[in-house]
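Structure, as structure tokens:
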Amino acid sequence: MSENRHQALGLTDEDVLNMYETMLLARKVDERMWKLNRAGKIPFVISCQGQEAAQVGAAYALNREKDVVAPYYRDIGVVLTFGMTAQDLMLSGFAKAEDPNSGGRQMPGHFGSKALRILTQSSPVTTQVAHAVGAALAGRLKGEEMVTFTTFGEGSSNQGDFHESANFAGVHKLPVIFMCENNQYAISVPVQKQLACERVSDRAIGYGMFGETVDGNDPLAVYAAIKKARERAIRGEGPSLIETISYRLTPHSSDDDDRSYRAADEVEEAKKRDGVFTFASYLESVGVLTEGKSSEIVERCEKCVDEATEYAEAAPYAEPESALHYVYEE
Amino acid sequence: MSENRHQALGLTDEDVLNMYETMLLARKVDERMWKLNRAGKIPFVISCQGQEAAQVGAAYALNREKDVVAPYYRDIGVVLTFGMTAQDLMLSGFAKAEDPNSGGRQMPGHFGSKALRILTQSSPVTTQVAHAVGAALAGRLKGEEMVTFTTFGEGSSNQGDFHESANFAGVHKLPVIFMCENNQYAISVPVQKQLACERVSDRAIGYGMFGETVDGNDPLAVYAAIKKARERAIRGEGPSLIETISYRLTPHSSDDDDRSYRAADEVEEAKKRDGVFTFASYLESVGVLTEGKSSEIVERCEKCVDEATEYAEAAPYAEPESALHYVYEE
Amino acid sequence: MPVRSYIEAVTLALHEEMQRDDKIFILGEDVGVRGGVFRATTGLYEKFGEARVIDTPLTESAIAGVGIGAAMYGMRPVAEMQFADFILPAVNQIVSEAAKIRYRSNNDWTVPITIRAPYGGGVHGALYHSQSIEAIFASQPGLKIVMPSTPYDVKGLLKAAIRSDDPVLFFEHKRAYRLIKGEVPDEDYTVPIGKAEVKREGEDVTVMTYGLAVHFALQAAEKLAEEGISAHILDLRTVYPLDKEAIIEAAAKTGKVLLVTEDNKEGGIIGEVAAIIAEHCFFDLDAPIQRLAGPDIPAMPYAPPLEKFFMINPEKVEHAMRELAEF
Amino acid sequence: MPVRSYIEAVTLALHEEMQRDDKIFILGEDVGVRGGVFRATTGLYEKFGEARVIDTPLTESAIAGVGIGAAMYGMRPVAEMQFADFILPAVNQIVSEAAKIRYRSNNDWTVPITIRAPYGGGVHGALYHSQSIEAIFASQPGLKIVMPSTPYDVKGLLKAAIRSDDPVLFFEHKRAYRLIKGEVPDEDYTVPIGKAEVKREGEDVTVMTYGLAVHFALQAAEKLAEEGISAHILDLRTVYPLDKEAIIEAAAKTGKVLLVTEDNKEGGIIGEVAAIIAEHCFFDLDAPIQRLAGPDIPAMPYAPPLEKFFMINPEKVEHAMRELAEF
Ligand SMILES: Cc1ncc(C[n+]2csc(CCOP(=O)(O)OP(=O)(O)O)c2C)c(N)n1
Ligand SMILES: Cc1ncc(C[n+]2csc(CCOP(=O)(O)OP(=O)(O)O)c2C)c(N)n1
Ligand SMILES: [Mg+2]
Ligand SMILES: [Mg+2]
């Protein structure tokens, strides 16, 4: 048996099985979305594949009753952990009225739910980073013990809004966790053409904050880093910048063809480090994930995705005239 | 006699006397502007006082035939070194037609002259930083051996445009020197409320570039840092971020009253380190600035400012209808 | 009723609202110890403390974006942009985010933020401290844009903006700050956003305008009254979305319409006003709809003769009104 | 003459211009190896190399700002914004800098930059990949905004934009990219910026529009011709500054004007067109100036029935034209 790493982090076997199941569910939802897209049933998909470990590891380290998240479009793992369901995600994929994110107004991947403490997201990258800082400021003004958590790609870490927001949080020592999901590409542009620094976390010092780079394929490493960042934030030590390194396993989106800019074997190579599989191996190696449990989980996830798809496909669209509503308070 | 520092840097006695005279001229032009403002003759002044050493030290380290500068509103020392005259500056102060910067269209402090390789400046801070990067890119595309040099305040280093531009230059290893003139305040806001990092130059690593903080009251220290930055740039080693530490000796501008937010003795204390005086002391201590030379220089500067003022005050405004010109190519 | 300046009305509204509701806080550049570069927030830092009157770093996009985040999470921020000209780095946060959050979340999230900014010319501010920038935002459903002319309206509209559950851009004419004085009650009151107001009743020509130019029009109307020309003056007050009913009514009233702005002509918000009138008052008009505006040059130059050339003033308004009356 | 798609005309113009003048280079997100997410720059990286077809970091303000700096220093950059919706972080660079540099420097410095961006809806792009954003920029003297409708105009106008010594925003309708085909000569030619074009001569109603909607209007005109209604169609092509003469002439021609845009109604550029007509064609009009536009909601929703509800289409245009003809 391998070393048990999760106990050392205070995670029970149930915890890690839950984490694993959430990662797997994220993957299965995503895979289904692609199938539906290729079958012409939904116009667009943008994937979490390859980043589930970082997303779920991070979200588990947060307080889901108190913390607020401002995720980005790949964060199926984050929103599932925060209580969104596969059905919600499918409703969004099919753009149906019941979609809790936007009532079908936005593309999939544009998460948001007040009930679940998920700030509504748009498409222009990195605007949410400022919102996370603002929510943290609001939390402090209201005297709440909470942190905010926001994610973005490494390409997006070059946007002005990242800089201004990180600096603001640093100056005001706000309880914000900035997590950069470095998946090596911004659409077709490899990280070396996006950034000249070695690690995105090298930017932390410029904001007087803690910075750290961890293996984004390892949910436990990410969990540990975010947990510590949360503790620092709660202790009043201000924000942190955590970078998770993984790899984007799919094309950028269903509109992309990645064969034009990266080699197939690069992708194959990366698949060997796919967190969904390596975490399963770890759980097997420490005797937590038995064969029986594993197939139970797989079945549960598949059933869940099947039912979600069926429900969402059958659900009605919003009425055309409903497009006129909610421009202003009504 | 003290240690001769300028020879070690390859500067002749004549060089340093020129540098000193430029610093003093900048100071005298600035002081005159305030007098004219207080006398109701010009509506606005924004000062270089306290930053002449950094400005002149830096500009002397550049190649005035080849390099392009994108200075900010305090950089009288830079533009004088690059060939602008006291008369030009006074024409701008009085907003007269002959003002080479803008024909009286812009406030003083908004420098620009194609002939002098000074990119035209606006008021919104930090936009010029991107232009300097663009000019460097253009220089490379044209195969020129040149660098671009841009300056900005420490408060402005928090703007998105600084971040995006520095990152762009870092990724493309462009020959750009970013100089942050840290004068401790952004209008009323002290540096600790602007930045959480210890030094602005701590941001360099986030762009994969060289970073260094030097004494902005010491023109030789700044000269040395910029000279090395220029050499690195020419060798293809990319951009540098140099921070010069000094103190804003005047209110932010003629519209400001700094007594509401900082103590008079803080300003008095800073005046002891005023580069114009400490550099004069150095030059005296190494026997370069004799009493005779000193009064010669002072007289020359004063005469120059007098003549410039007289000329500019008498010069005509542009015709009112001329306001309609040069919106587009004519 | 006490007479107060335009800027005193701003400060008073902020003060009263902050006292009323501790969810309200202020953020911006130099708004704290300094009380704002125009002193609009003077005294608030001393009264409400550093936590509720926040000197931010020099970053407009973050001021807007952090404000939006705080508004989503239950606060009511009042953000100050030091000059309207410097709101431009924040356009993405304002247009992509503030304006669209209620809509895109299907009414789940809201952004009760007020963004104040001094705009306008005639202060030797040159290109970048004189602009009218409402036109840039006046095509974005989800936003409201308020541009008051009188101290009374300033207080009432600023309170309404702060209490609005939608984002409001509140543009204050910086030359009006100390120039324009008027009666401002001590009592709590609001003026409704989205409603124009007839500032003078008249029969011969209708002038529609907003901000400082309302006063130019009123002055011109006094002069013209001596000549027997009676002017009807509508203060738009909210320039987006426009008060179509009031516009149509005021246009129909005299059949001769002059639209005035100190912004450039092409693409300014008075073009939309003209379009509304052209669409709805076809049978009521007795003359072409006239527009008086700044010339189509990028912005106001600094040199006094050039600035004067750009700026509208009571004489220019009077001249245009007389011409129209005589049409 | 070879028939080409709208997007092929873009690529062709870029290719020919880059071959003609080595001061021209391209910068933007994914424009290099990937050839652009819509493939507008396809083949250019292979042909002209990495130095002249630059994949930038994901930073629109820097794309504009670096482009402006390069343009000032003698190059002729063609910047691509991946979607027009994402130009907003660059508004400050475009409005405060590009638009004002010639003016503020008293003709000393110039910015010969072209900024291309795909705009427009009907592609399941939802709120942030469907917008028309010309109105945000259409009040800024110093800028020119070109929005072509046909492949022929695309090639000629893009060349004119690249050769212009002033900054040009060049908005390409993304749904037109592959939908619209037309004859595009292999020869070098330009189409003048600032000039509208009559795309169909007619007597009964005048339609003025631009972009994809020109085709909707042409289709509607065909239908209406069968009913004996003859439509005059003016393609604005340059939406800022507008071609006032052509607008006045086209309005006067029939006396009945329908203005069409797929943008929101209030504050869109057709409001300015209406204002121009209202000012200059008072005695020529036989009906109120009508506008057909998107509803005043923040942007196009994603769900197909809602998107359809927002988008104008040939039927909506036809309906509005018939109503006006019958006025
Ligand atoms: C402001 C803005 N510009 C451009 C885009 C188009 N776009 C969407 S995702 C993307 C790449 C993002 O890369 P990265 O930040 O690394 O995140 P990843 O997709 O790799 O997770 C781009 C350019 C956008 N959404 N927003
Ligand atoms: C985008 C923008 N926002 C606000 C301002 C108003 N403003 C002018 S200077 C200044 C402070 C600048 O501080 P810093 O960068 O430290 O430079 P310093 O004036 O101290 O040299 C501010 C807020 C501006 N010019 N541009
Ligand atoms: Mg990435
Ligand atoms: Mg400073």
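Here the structure is a predicted model, which is why all the values come from computation and not from measurement. Letters go in sequence order (proteins before strands), and every chain restarts at 1.
If you measure heavy-atom distances from C:Leu242 to chain D, the contacts under 4.5 Å come from both the backbone and the side chain. For C:Phe283, the part lying near chain D is the side chain, with the backbone staying farther off; criterion is any non-hydrogen pair under 4.5 Å. At a 4.5 Å heavy-atom cutoff, the contact between C:Ile136 and chain D is made by backbone and side-chain atoms alike. For D:Ile289, the parts sitting under 4.5 Å from any heavy atom of chain C are the backbone and the side chain alike. D:Asp286 touches chain C through its backbone: at least one of N, CA, C or O sits under 4.5 Å from a heavy atom, while the side chain does not. Contacts between C:Gln131 and chain D at a heavy-atom distance below 4.5 Å involve the side chain alone, from C-beta outward. With a 4.5 Å cut-off on non-hydrogen atoms, C:Leu285 touches chain D through its backbone and its side chain both.
Listed options C:Ala274, C:Pro295, C:Pro141, C:Ser96 were ranked by heavy-atom pairs under 4.5 angstrom with chain D; first place goes to C:Pro141. The candidate with the highest count of non-hydrogen atom pairs below 4.5 Å against chain C, out of D:Asn264, D:Ile297, D:Asp296, D:Ile270, is D:Ile297. Chain C forms more heavy-atom pairs under 4.5 Å with one residue of D:Ala99, D:Ala138, D:Ala126 than with any other, namely D:Ala138. In terms of heavy-atom pairs under 4.5 Å with chain D, the best-connected choice from C:Gly268, C:Cys281, C:Gly267 is C:Gly267. Comparing C:Lys244, C:Arg104, C:Gln140 by how many heavy-atom pairs each has under 4.5 Å with chain D, the most go to C:Arg104.
For C:Glu279 and D:Lys265, the salt-bridge test passes: some basic side-chain N is under 4.0 Å from an acidic carboxylate O.
Using a 4.5 Å heavy-atom cut-off against chain D, no residue of residues 56-68 of chain C qualifies as contacting. Within residues 83-91 of chain C, the residues having any heavy atom less than 4.5 Å from a heavy atom of chain D are, in residue-number order, C:Leu88, C:Pro89, C:Val91.
Interatomic distance, NZ of C:Lys100 versus OH of D:Tyr128, reported as 6.0 Å (0.5 Å rounding).
Taking every heavy atom of both residues into account, D:Ala278 and C:Ala278 meet most closely at CB-CB, 4.0 Å.
When the shell of 6.0 Å around NZ of C:Lys195 is examined, it contains 12 or fewer heavy atoms from other residues, nucleotides or ligands.
Of the possible polar contacts, none joining the D:Glu272 side chain to the C:Gly271 backbone as a donor-acceptor pair under 3.5 Å is found. At distances below 3.5 Å, not a single donor-acceptor pair connects side-chain atoms of D:Glu266 with backbone N or O atoms of C:Ser139. Counting only distance, with no hydrogens or angles, the side chain of D:Tyr103 and the backbone of C:Pro301 share no donor-acceptor pair below 3.5 Å.
At least one side-chain heavy atom of D:Ile276 sits under 4.5 Å from a side-chain heavy atom of C:Arg291.
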